[in-house]
Each structure stands twice: as C-alpha cells, then as structure tokens.
Amino acid sequence: MSIGILTLIVIALAAGGFLLGRQIAVGKVAGDIRKLHSLPGYYGQTVFLFTAVPALLLMLGWLLVQPLLIHERIGAMIAPEDIASGSSASLVMSDVRRIADGLALIEAQGAAIPDDAGTVREALGRVGVALGADVKPSVYAAAQAYGAMSATGGKAMSVAVLVLALAGFGFAIARIRPAFRARNVSETFVRALLIGASSVAILTTLGIVLSLVFETVHFFKVYPFADFFFSLTWNPKFGGGSDLGIWPLIWGTLYISLIALLVAVPVGIFSAIYLAEYASKKVRAVVKPLLEVLAGIPTIVYGLFALITVGPALRDWFAQPLGLGSSSSSVMTAGVVMGIMLIPFVSSLSDDIVNAVPQSLRDGSYGIGATQSETIRQVILPAALPGIVGAVLLAASRAIGETMIVVMGAGAAAKMSLNPFEAMTTVTVKIVSQLTGDTEFNSPETLVAFALGLTLFVFTLGLNILALFIVRKYREQYE
C-alpha cells in the first residue's frame, strides 16, 4: 500500500470518527447538549485526534527509521572487493537502491525479474534505470535483499498504522459520555501538537549544525587545519595537490555583500520613510506593491539581468574607460543587481516598523515645535532603529547566502583584490561547485564544502549576535 493511500485511509477514518463521536455525544443526552460537559464538536475532535495523530506519527517515525535499519543490514552484505577503485561504500549503496527501485518497476509492469546479475543491466535500461557499469553478483543480491526488506517493512508499516488508528478510534469512542471533559482533552492534545511543531525548528537547526560539524571534522582529518584557515590561495584539484584556503572566498562574499547593502539599505530606508511619512494613501497603494514585486522575481532572472544588461553597461561605462578591467563579470555587477533584489527586504520591513512607532511620539515632537523632517530624524528613526537593524540583518543574510546572481554576475574566480570590476566568487558558489558532478565523496576537495558551510554558519551567527546586542541597547533607551 502506498504512503498516500495509507494517509488518506487514516484521515478518512478520523473524519468518520469526528462525525460519529459528535453524534454519539448528542445521542447520549437525547439531543439536550446542555447536559454535556463540552460542545459536541469537541467530542468529535477528540476522536479525530486520537485516530489520526498517533497513527500518522508512527508512520512518520517508521519512514525515518526503516531506511536506516535496512541500510545498515544491506551495507554488511557489501564486501570490500565490491567497491571499485575511486568509488566508495556510499556510491555502491546508491547503486543498490537504484537497482532495487528498477526491479520494483519491472515487477510492477508484470515483466520477469532477471535471474542473474549479467542480464539485469539491460532489463533495467528498458525501464529507464541507467547504470554506469556491469552489476556484480553480490551487489545484485544486496539489491534484491534491499527490495524484499523494503516491501516487507512497507507492509508491516501499513498494518501497524491501521491497527493503531483503529485502536485510537475505539479508545476515543469508548470514552464518550456526558461528563467526559472533551474540551480539556482536545485542547491539551492540540497544545502538545503545537509544542511539537515549534520544536521542529530547533531540531532542524540542531540537525543541520551536527551534520556540518561531523563532516567538517572528517575534512580536517584529511586536510590540515592551518592550511584551510591561513592560506590565501584557493586552488582545488581533484586527485590531490589542492590548496584550499578559505580567505579568498570570504573576501569575495564580504565584498559583494557590502556593495549589495550599500545599494539596498539607503534606497530601502528612504523608500520606507517616504511611504510611511510623506506619501498619500493613493501613492502608497501603488508604490508599495510595485516595490514588493522585486521580492517575487526569481534569482535566475536577476542573474540574466546582471549577465546581459548590468555587466556590459558597467564594463563599457566605467571599467574600460577607467582602465580597471574588461570583463562584464565583476564584483560590482553582482553587488548592484543583488542590492536591487534586496531593496524590498529592507523597505517593506522598515516601512512596517516606522508605522509601528506610537503616534504619541510624533504628537509630542510636533507639540514642542519640531518640523516633520526633524521629527523623523530625531524621534521616529531612533525609536524604529532596532527594527531597522533587523531588516538590514535580514538583507545581509540574504546577500551572504545568494548563489545564482554571483555565478552569472561575478564569475567563479577566487581571488583577493580591491578592484570592484574584477571577477570574484563567494563561499556559497564554491559549496555548490565542490559538490557538483561525479566526485569522490571522501576526498578533501568534496568534504571542504561542509567546512565552508560551517564557517559561513558561524559567521552569520556572529552577525546575528552583534545585531541582537545593538537592538537590545537601543531598545532599552526608547522603551
């Protein structure tokens, strides 16, 4: 049974439980709902929650744990001689999963499953599963075992989920009586779900950090720590002899982000001040949506704009006449286009923050004779400063993490230069390039992507802490 069908069955059973539970509650008081502790809907909601939530949580947990257990058991079936030179156990396991999926497709089409590893490659090709090399008998046996375990686990999951759903259904129905505190139980259940949902963000962050830390530790076991942090050269060579110094990438990231913020922050803040304090309602109703349209444009479109319009214009108008370069891919190109993309992030948030400043502050300033411009400079902006710092921080984080505009506008050269009309690159671009293509995952040239990611995470965390300090300092002054 597919996961989608199983989910629909559980939800349908829970929906039926809602109607039945409500009907039973009303029937036990002969239609006089005043004799019920809770409204009839709460009785139905209790049945719904006890039927659907435990069953769906079991299914989610099963889907997370089953692949890990199967991977561990199948991995033990792969001998060291099955791993070709330049390959790894993880790549062999990828082939095992691909073969198992292909065999499932063949079986679904009613065709005969190949008897030996010699004919499986051709059979898989007929169902659209391509393999780069012949399948070894041990790998084929592992794939068959993987498919059998997955099928058995899927059937067991379906049975367990349905049994738990029915058990919850029966348990909730049996508890329905006029004195049952259905509202209390239902609200407690929902509160637990909300707590669980809020903890997802924390657990996700923890998972991201731990995955980066583990792979970064693995990287530093095969590449010197000092060379990564103190070298000024980035020159990866798959196969050995790489120089993986991070500073050229950090420099390019900071340089492009600085130019982007120099474009976005003034324009965004001035736009917010105009819309909040000067613009009429008609003008605001037109200009604000137009600014926010910029946030909805895909970054690939911004990249094309940088490649075919902004880059050549900056080269022809500034770089070549000033003798600073002849390439349309440059830090300035990516920075200017990225700054345009960031304008709505700054303007929209800053506009909301300026509008949130209490009117009493404005009235008090006008009452002592201040003009509108003086009120904005000396009252509104200082009061809104914590929120504006948050908007700028959001824009900075967006700039640091941007990839597509940098690829198409700034190039891929890792260098340290003050010339804004030279091509450079960022940490995010190199993370993508090091993990793209058919590469050996255990090589330092691939694992360096995780070290770059962890470094970028720590750097962004430092920016957040600095911004939090600034926000708290000024918030204490104006509260």
For the residue pair [X] and [Y], what are the closest heavy atoms and their distance?
| X | Y | value |
| --- | --- | --- |
| I259 | V336 | CG2-N, 4.1 Å |
| V222 | P444 | CG2-CB, 4.0 Å |
| S328 | T333 | O-OG1, 3.1 Å |
| D243 | S231 | OD1-OG, 3.0 Å |
| L6 | S158 | CD2-CA, 3.9 Å |
| T188 | N184 | OG1-O, 2.7 Å |

Please round to the nearest 0.5 Å and tell me the distance separating atom [atom1] of [X] and atom [atom2] of [Y].
| X | Y | atom1 | atom2 | value |
| --- | --- | --- | --- | --- |
| S347 | L342 | OG | CG | 10.5 Å |
| I388 | I269 | CD1 | CD1 | 5.5 Å |
| I176 | I24 | CD1 | CD1 | 5.0 Å |
| K281 | L275 | NZ | CG | 14.5 Å |
| L20 | F48 | CG | CZ | 14.0 Å |
| I465 | T460 | CD1 | OG1 | 11.0 Å |

For residues [X] and [Y], determine if any side-chain heavy atom of one lies less than 4.5 Å from a side-chain heavy atom of the other.
| X | Y | result |
| --- | --- | --- |
| Y302 | L294 | yes |
| P248 | K415 | no |
| F459 | T253 | no |
| S186 | L49 | yes |
| V406 | M338 | yes |
| S365 | Q378 | no |
| T428 | V432 | no |
| L19 | Q23 | no |

Is there a donor-acceptor pair closer than 3.5 Å between any side-chain N or O of [X] and the backbone N or O of [Y]?
| X | Y | answer |
| --- | --- | --- |
| S350 | V346 | yes |
| S433 | K430 | yes |
| W247 | T233 | no |
| T425 | A413 | no |
| N355 | D351 | yes |
| Q372 | E277 | yes |
| Y366 | T375 | no |
| Y43 | P178 | yes |
| Y255 | L418 | yes |

Please indicate whether [X] has more than 12 foreign heavy atoms, meaning atoms of other residues, nucleotides or ligands, lying under 6.0 Å from its [atom1].
| X | atom1 | value |
| --- | --- | --- |
| Y278 | OH | yes |
| E72 | CD | no |
| L57 | CG | yes |

| request: Evaluate the criterion side chain to side chain contact (heavy atoms under 4.5 Å, CB included) for residue pair W234 and L244; output intermediate values, then yes/no. | output: CA-CA 5 Å; W234 175 268; L244 303 174; 4.0 Å; yes
| message | Among S417, S330, S329, exactly one meets side-chain hydrogen bond (donor to acceptor under 3.5 Å, both in side chains) together with E422. Which residue is that? | response |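 Checked S417, S330, S329 against E422; only one passes side-chain hydrogen bond (donor to acceptor under 3.5 Å, both in side chains): S417.
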| message | Just to verify, which of R183, R181, R177 counts as forming a side-chain hydrogen bond (donor to acceptor under 3.5 Å, both in side chains) with H37? | response |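 When side-chain hydrogen bond (donor to acceptor under 3.5 Å, both in side chains) is applied between H37 and each of R183, R181, R177, only R181 qualifies.
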| request: Assess whether side chain to side chain contact (heavy atoms under 4.5 Å, CB included) is satisfied between T426 and E402, documenting all intermediate values. | output: CA-CA 9 Å; T426 62; E402 178 54 41; over 6 Å; no
| request: Given side chain to side chain contact (heavy atoms under 4.5 Å, CB included), test R362 with I380 step by step and report yes or no. | output: CA-CA 7 Å; R362 296 178 175 87; I380 296 176; 3.4 Å; yes
| query | Less than 6.0 Å separating the ring centroids of F450 and F219? | reply |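 Centroid distance F450-F219: not below 6.0 Å, so no.
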| How about Y223 and F228: are their ring centres within less than 6.0 Å of each other? | no
| Going by the angle between their ring planes, with limits at 30° and 60°, are F189 and F50 parallel, tilted or perpendicular? | perpendicular
| Aromatic ring pairing F225/F229, orientation class (parallel under 30°, perpendicular over 60°, tilted between) | tilted
| Taking it one step at a time, do F305 and V337 satisfy side chain to side chain contact (heavy atoms under 4.5 Å, CB included)? | CA-CA 8 Å; F305 178 60; V337 176; 4.2 Å; yes
